*Asks:* 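To start, I am sharing the structure in question, which I have written as structure tokens.
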There are 2 protein chains.
Amino acid sequence: MPGQATGKERILASAMLLFARMPYSDTSLRDIAAAAGVDVAYVHRAFGSKAEIFRQALLALAPLDDIAAGDPDGATMINRICDLAFLRDPRKVEDVRPLHLLTQSSLCSEARAIIAQFFGTSLALPLSRAFGHADPGRAHFALSLLSGFVTHRAIFGPADLLAIPEADQRQMLQTALMNAMLPGCSDGVFGWRPI
Amino acid sequence: MPGQATGKERILASAMLLFARMPYSDTSLRDIAAAAGVDVAYVHRAFGSKAEIFRQALLALAPLDDIAAGDPDGATMINRICDLAFLRDPRKVEDVRPLHLLTQSSLCSEARAIIAQFFGTSLALPLSRAFGHADPGRAHFALSLLSGFVTHRAIFGPADLLAIPEADQRQMLQTALMNAMLPGCSDGVFGWRPI
DNA sequence: CCCTGTTGTCAACGCTCGATGACAGGGTAA
DNA sequence: TTACCCTGTCATCGAGCGTTGACAACAGGG
């Protein structure tokens with residue numbers, strides 16, 4: 001945490017980091033306070049409640065809205081979505097991938113509505129549109145595979161999976177998402193070829 | 001809970017139900033005790049610890065060991081694994097799918113090790129073997145997609161996804177897993193044809 | 001100067017949690 | 001009968017949680 005930032009900023013940065021690293025219920029205000037170098041009471045005082053801190057940490061990830069910019073085709077869209085699973089956060093908050101903050105707390109009731117809305121409007125909708133609105137359910141299906149991959153890798157981190165070079169992991173994920181979106185995986189509608 | 005069953009049995013049945021419905025950390029021994037109609041102390045006394053109850057609930061609900069019975073080929077193995085996501089519990093414990101118990105608590109640190117071991121030894125290993133040990137990382141990759149689908153559908157339940165007939169959902173999932181396991185998805189090594 | 005708001009600390013509250021020690025009934029075997 | 005385990009209850013413990021009230025330091029404006 002940079003010492004130059006104000007306490008509130010340090011709290012939010014710490015919250016983003018910790019909420020992306022462990023689920024909502026496992027992240028205590030005392031942990032956040034310790035990481036930000038302030039008192040527990042001030043963490044609560046500055047934001048009002050724990051749920052509000054989480055909400056603001058989620059909103060701070062807002063740049064994900066740009067994902068549908070330029071009305072991309074299916075392959076491009078999937079490529080961008082895969083970025084969320086592999087690219088680090090633009091603010092370079094350590095090793096936090098943007099999607100981690102969504103998946104880590106997906107089981108938490110306070111966060112569920114926000115996350116569900118994000119998946120629906122910011123991801124599934126543009127993804128479905130990029131494939132010609134073929135079948136909106138298919139977009140949700142593909143995204144469920146994506147979030148599973150992100151969660152599984154982050155939580156369990158099976159050695160066998162991590163042994164695969166990241167470029168190959170990404171290739172596998174892209175293929176899986178593309179196949180999920182295309183009813184027939186071998187027709188190469190968008191010039192796509194399975195590996 | 002049937003009144004004829006012994007206390008220990010009622011506790012385990014309640015634990016299976018509750019652990020599959022909400023994450024480990026949100027499920028208290030007091031909830032389980034109330035559902036089983038016994039005292040909190042006995043829940044702990046009868047099993048030793050909360051983690052042990054969870055472990056036994058896991059073992060009881062998903063007879064995952066049978067999944068590799070008969071040394072099945074890849075397609076059969078994937079078919080059986082999909083059962084975990086769609087079939088109800090054999091004991092007909094309400095609407096609980098076996099995999100729910102695994103995915104609901106996957107984010108909880110206390111349950112993580114237990115679940116990780118389950119995924120590794122009871123699922124990934126036999127799945128990998130069914131495909132000729134080709135690439136153990138690929139099995140973990142496929143399983144991550146599976147758990148993502150189960151979790152996503154259970155937690156968010158997007159209307160567009162639920163609108164797809166269950167048989168079609170299953171077909172999509174099977175295809176996705178098969179494609180994930182096969183480096184080339186169109187060669188039909190096991191007589192498999194994409195939808 | 002005083003007044004006021006922001007930033008922050010300290011100590012503590014009430015609550016829920018998992019876990020324990022003491023103990024009671026009831027069946028069984030010696 | 002006596003001894004013993006299994007089943008089960010009651011009261012309680014210590015720890016961690018989110019939250020709150022009281023208050024200190026410090027700034028800026030009148």
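Quick note on labels: first sequence line is chain A, next is B, and so on, each numbered from 1. Remember, it's a predicted structure, so these values are computed and weren't measured experimentally.
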*Asks:* Rounded to whole Å, how long is the line connecting atom OH of B:Tyr42 with atom C1' of C:dG21?
*Replies:*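 So the two atoms are 17 Å apart, to the nearest Å.
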*Asks:* Check this one for me: any side-chain N or O of A:His44 less than 4.0 Å away from OP1 or OP2 of D:dG18?
*Replies:*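 Answer no for this pair, as no side-chain N or O of A:His44 is under 4.0 Å from OP1 or OP2.
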*Asks:* Regarding B:Lys50 and the six-membered ring of B:Tyr24, is the cationic atom NZ or CZ under 6.0 Å from the ring centre and inside 45° of its axis?
*Replies:*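 Yes, B:Lys50 and B:Tyr24 form such a contact.
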*Asks:* On the 0 to 90° scale, with breaks at 30° and 60°, tag the B:Phe149-A:Phe141 ring pair as parallel, tilted or perpendicular.
*Replies:*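 B:Phe149 and A:Phe141: perpendicular rings.
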*Asks:* Picking from D:dT9, C:dG8, D:dG8, which would you name as closest to the side chain of A:Thr6?
*Replies:*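 Nearest nucleotide to the side chain: C:dG8.
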*Asks:* Nearest whole angstrom, please: distance from the C1' of D:dT7 to the NZ of B:Lys8.
*Replies:*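 So the two atoms are 10 Å apart, to the nearest Å.
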*Asks:* Does a side-chain heavy-atom distance below 4.5 Å link A:Phe119 with B:Pro158?
*Replies:*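 Sidechains of B:Pro158 and A:Phe119: no contact.
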*Asks:* Using the test side-chain hydrogen bond (donor to acceptor under 3.5 Å, both in side chains), find all partners of B:Asn79 that sit at least two apart in sequence or belong to another chain.
*Replies:*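 For B:Asn79 the side-chain hydrogen bond (donor to acceptor under 3.5 Å, both in side chains) partners, ignoring immediate neighbours, are B:Arg170, B:Gln174.
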*Asks:* Go through D:dA22, C:dT20, C:dA19 for me and flag the one nearest to the A:Arg45 side chain.
*Replies:*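 Of D:dA22, C:dT20, C:dA19, D:dA22 is nearest to the side chain of A:Arg45.
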*Asks:* For the residue pair B:Ser25 / A:Ser25, report whether a side-chain donor-acceptor contact shorter than 3.5 Å exists.
*Replies:*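 Looking only at side-chain atoms, B:Ser25 and A:Ser25 do form a donor-acceptor pair, the distance falling under 3.5 Å.
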*Asks:* So, using salt bridge (charged side-chain N to carboxylate O under 4.0 Å, His left out) as the criterion, who are the partners of A:Arg55 when residues are at least two apart?
*Replies:*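 With sequence neighbours excluded, A:Arg55 shows a salt bridge (charged side-chain N to carboxylate O under 4.0 Å, His left out) to A:Glu52, given in chain and number order.
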*Asks:* In whole Å, what is the span from the CE atom of B:Met22 to the C1' atom of C:dC17?
*Replies:*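 Rounded to the whole Å, the gap is 15 Å.
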*Asks:* Whole Å only: how far is the CZ atom of B:Phe54 from the P atom of C:dG18?
*Replies:*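 My rounded result for the distance is 14 Å.
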*Asks:* Counting only non-hydrogen atoms, which of residues 26-34 of chain B are less than 4.0 Å from DNA chain C?
*Replies:*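 Heavy-atom contacts with DNA chain C come from B:Thr27, B:Ser28, B:Leu29, B:Arg30.
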